Each structure stands twice: as C-alpha cells, then as structure tokens.
Q: 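Sharing a structure, written as structure tokens. Questions coming.
Every chain is numbered from 1, with letters handed out A, B, ... down the list of sequences. It should be emphasised that the depicted structure is a prediction, and the values quoted were computed from it without experimental measurement.
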Amino acid sequence: MRSCDEIIKLFDERRDKTLPLMTRVELRIHFLFCKHCRKYYEDMEKMLSLLSIKYTAEKK
Amino acid sequence: MSDDKNILDFNKLEEICRRHTAQLKRFALYLTRDSEEAADLVQETFAQFLKRPDAYDGSSALSTWLHKIMQYQYYNRLRKPAAQLEESYDPTGGFFDDKGMWDENAAERFQKPFLDALEAKEALEIVEKCLKELPHQQRTAFYLKYIEQMENSEIAKALDVTEGNLRIILHRARFALRTKIAETE
C-alpha cells in the first residue's frame with residue numbers, strides 16, 4: 001500500500017485518467033480512511049477549476 | 001504538426017508568428033508580469049526564431065519550441081544561466097513522518113475550508129498572488145500544465161527536464177501553492 005506522500009503525487013495521473021485499475025481502487029480505499037489526502041485532492045480540484053474557468057474564458 | 005515542420009517556406013513564417021502570438025503573449029506576461037516587457041519578449045522570441053528557423057527539427061510541437069526560445073530569452077534578460085535559477089525547494093518538508101504518512105499536527109491546518117468563504121474573484125486573486133510567489137521553475141511548469149494545458153512531454157521539452165522530474169516539479173508546485181493559500185486565507 002502506498003503512503004500518503006505517494007498518494008498525493010498521483011494527482012495528475014488520476015486527473016488524466018492514466019492510472020491502472022488497481023491503483024484507482026487503491027486510491028478509493030485510501031480516501032475512505034485518510035481525510036487529509038481526501039481534502040488535498042478536493043482542494044486541488046477546487047483551485048484548478050477556478051483557474052480553468054478564468055483562463056478558458058480569456059482564451060476565447 | 002505537418003504544417004509546423006514546413007517552416008522553411010518563408011511565406012509561412014509570418015503566418016506561424018501570427019498563429020502563436022496570443023499564446024506567447026500570455027506566457028510572456030506570466031513570466032515578466034509587465035505588459036511592456038512581455039511585448040518585447042514576444043518580439044525577441046520571434047526574432048530569435050526567424051534568425052534560424054531551420055533549428056526547429058519538428059520533433060516537438062512548434063509551440064513547445066517557441067516557449068523554449070522564450071524561456072531562454074527570459075533567462076538571458078535576467079543575465080543568469082538557467083541552472084542558477086533552478087531551485088530544489090521542496091515544500092513538503094515537515095508535513096510527513098518517516099513512513100510518508102501525514103503529520104497530524106501539520107496536516108490539521110489544511111482541514112479548514114479552502115477558498116470556500118470567498119467570492120470566486122477574490123479566491124482567484126489569492127491563488128494568482130500565491131502562484132507568483134512560487135520558484136520560477138515550479139511556476140512555469142504549473143502555468144504550462146494547468147493554464148495552457150500542454151502535454152507533459154511538451155512541457156518537459158520546453159523546460160529541458162525529464163518527464164519524471166517534471167512530475168516532481170508539478171507535485172511540489174501544487175503542494176507549495178496549497179500551503180501558501182492556506183497561510184494567506
């Protein structure tokens with residue numbers, strides 16, 4: 001099983017949907033038990049979505 | 001990509017410049033944080049490209065090549081070699097124990113709401129302010145990945161790092177940004 005510092009390094013791979021099935025399952029299980037990693041992923045998604053809304057509008 | 005390879009056709013050079021201007025302007029503004037300096041940097045980048053268009057071998061997207069030229073031009077302005085600007089700053093220190101699990105005391109401060117109580121505009125201002133405080137390499141990698149949405153392979157070429165190193169740089173950038181935002185809010 002991966003440690004928390006390894007789990008949060010997988011952020012981009014999870015976002016880009018390039019993780020193998022077993023790793024995706026491992027992440028889901030990890031999130032069930034680890035509130036800090038879960039919060040880290042939620043915060044990152046929130047921040048990137050804010051940036052994405054602004055810069056996508058600017059590019060148009 | 002096939003169009004990009006055919007850049008020795010002089011008639012296409014102007015069209016190529018026009019096609020990439022908007023994206024390069026954004027990157028220049030991002031690097032310099034000054035609109036006049038950014039405009040100069042875009043011109044320098046194209047001038048450098050037009051001096052030796054045959055230096056582009058087509059092995060990466062033309063936009064990657066132009067970003068790379070711009071980055072070198074920017075380093076030249078700072079009169080420092082790129083290597084001196086790279087920082088091995090790892091923001092994760094102190095957040096994990098020796099087994100790689102979160103240190104409860106350090107992690108607990110991230111449990112408060114993140115950018116929640118703010119209007120979107122205000123939240124964005126905080127994110128952008130904190131982004132500007134990141135070390136140059138982390139900031140540039142973050143910009144190309146999450147704002148320009150370039151592929152990792154192209155970003156790695158533009159920054160002259162391996163894809164493995166790029167993943168570490170991006171991880172550190174994300175972590176540093178989140179820490180800075182939590183401290184600012």
Q: What part of A/Glu42 lies closer than 4.5 angstrom to a heavy atom of chain B: side chain, backbone, both or neither?
A: neither

Q: Relative to chain A, which of B/Trp102, B/Phe95, B/Phe96 shows the most heavy atom pairs under 4.5 Å?
A: B/Trp102

Q: Between B/Gln23 and chain A, which part of the residue has a heavy atom less than 4.5 Å away: side chain, backbone, both or neither?
A: neither

Q: Any side-chain donor-acceptor pair under 3.5 Å between B/Glu104 and A/His36?
A: yes

Q: Could you tell me which portion of B/Phe175 (side chain, backbone, both or neither) has an atom closer than 4.5 angstrom to a non-hydrogen atom of chain A?
A: both

Q: Quick check on B/Ile126 against chain A: is it the side chain, the backbone, both or neither that has a heavy atom closer than 4.5 Å?
A: neither

Q: Should B/His20 and B/Phe46 be marked as a ring pair (Phe, Tyr, Trp, His ring centres under 6.0 Å) after you check the CA-CA gap, both sets of side-chain angles, and the distance that decides it?
A: CA-CA 10 Å; B/His20 293 277; B/Phe46 282 129; 7.7 Å; no

Q: For A/Arg15, is it the side chain, the backbone, both or neither that has a heavy atom under 4.5 Å from a heavy atom of chain B?
A: side chain

Q: Go through the atoms of B/Ala107 and report whether side chain, backbone, both or neither lie under 4.5 Å from a heavy atom of chain A.
A: both

Q: Report which part of B/Lys112 has an atom under 4.5 Å of a heavy atom belonging to chain A: side chain, backbone, both, or neither.
A: backbone

Q: By a 4.5 Å heavy-atom criterion (distance strictly below it), what part of B/Lys145 contacts chain A: side chain, backbone, both, or neither?
A: side chain

Q: Report which part of A/Lys39 has an atom under 4.5 Å of a heavy atom belonging to chain B: side chain, backbone, both, or neither.
A: both

Q: Picking from B/Asn152, B/Leu177, B/Ile181, which has the most non-hydrogen pairs under 4.5 angstrom with chain A?
A: B/Leu177

Q: State whether the side chain of A/Glu6 and the backbone N or O of B/Gly100 hold a donor-acceptor pair below 3.5 Å, judged by distance alone.
A: no

Q: Surrounding CE of A/Met22 (heavy atoms of other residues, nucleotides or ligands, distance under 6.0 Å), is the total greater than 12?
A: no

Q: Less than 3.5 Å apart, any donor N or O on the side chain of B/Asp90 or B/Thr92 sitting next to an acceptor on the other?
A: yes

Q: Checking B/Leu170 against chain A: side chain, backbone, both or neither under 4.5 Å from a heavy atom?
A: side chain

Q: Report the option among B/Lys121, B/Lys99, B/Glu128 that has the most heavy-atom pairs separated by less than 4.5 Å from atoms of chain A.
A: B/Glu128

Q: When you check the side-chain N and O atoms of A/Tyr41 and A/Arg14, is any donor under 3.5 Å from an acceptor?
A: no

Q: Quick check on the hydrophobic clustering: are B/Leu124 and B/Leu131 connected, directly or via other members, by side-chain heavy-atom contacts under 4.5 Å?
A: yes

Q: If we ignore angles and hydrogens, is there a donor and acceptor under 3.5 Å between the side chains of B/Ser59 and B/Asp57?
A: yes

Q: Which value, rounded to the nearest 0.5 Å, describes the distance between B/Glu163 atom CD and B/Ile168 atom CD1?
A: 12.5 Å

Q: Once you measure the plane-to-plane angle for B/Trp65 and B/Tyr56, does it fall in the parallel (<30°), tilted (30-60°) or perpendicular (>60°) bin?
A: tilted

Q: Are the side chains of B/Glu133 and B/Lys180 in touch, meaning some heavy atoms are under 4.5 Å apart?
A: yes

Q: Contact part of A/Ile53 toward chain B, heavy-atom cut-off under 4.5 Å: side chain, backbone, both or neither?
A: neither

Q: When heavy-atom pairs shorter than 4.5 Å are enumerated against chain A, which of B/Arg174, B/Met101, B/His171 gives the highest number?
A: B/Arg174

Q: Given heavy-atom pairs under 4.5 angstrom as the criterion, report whether the side chain, backbone, both or neither of A/Cys34 touches chain B.
A: side chain

Q: Tell me, out of A/Leu50, A/Leu48, A/Leu51, A/Asp43, who's got the most heavy-atom pairs with chain B below 4.5 Å.
A: A/Asp43

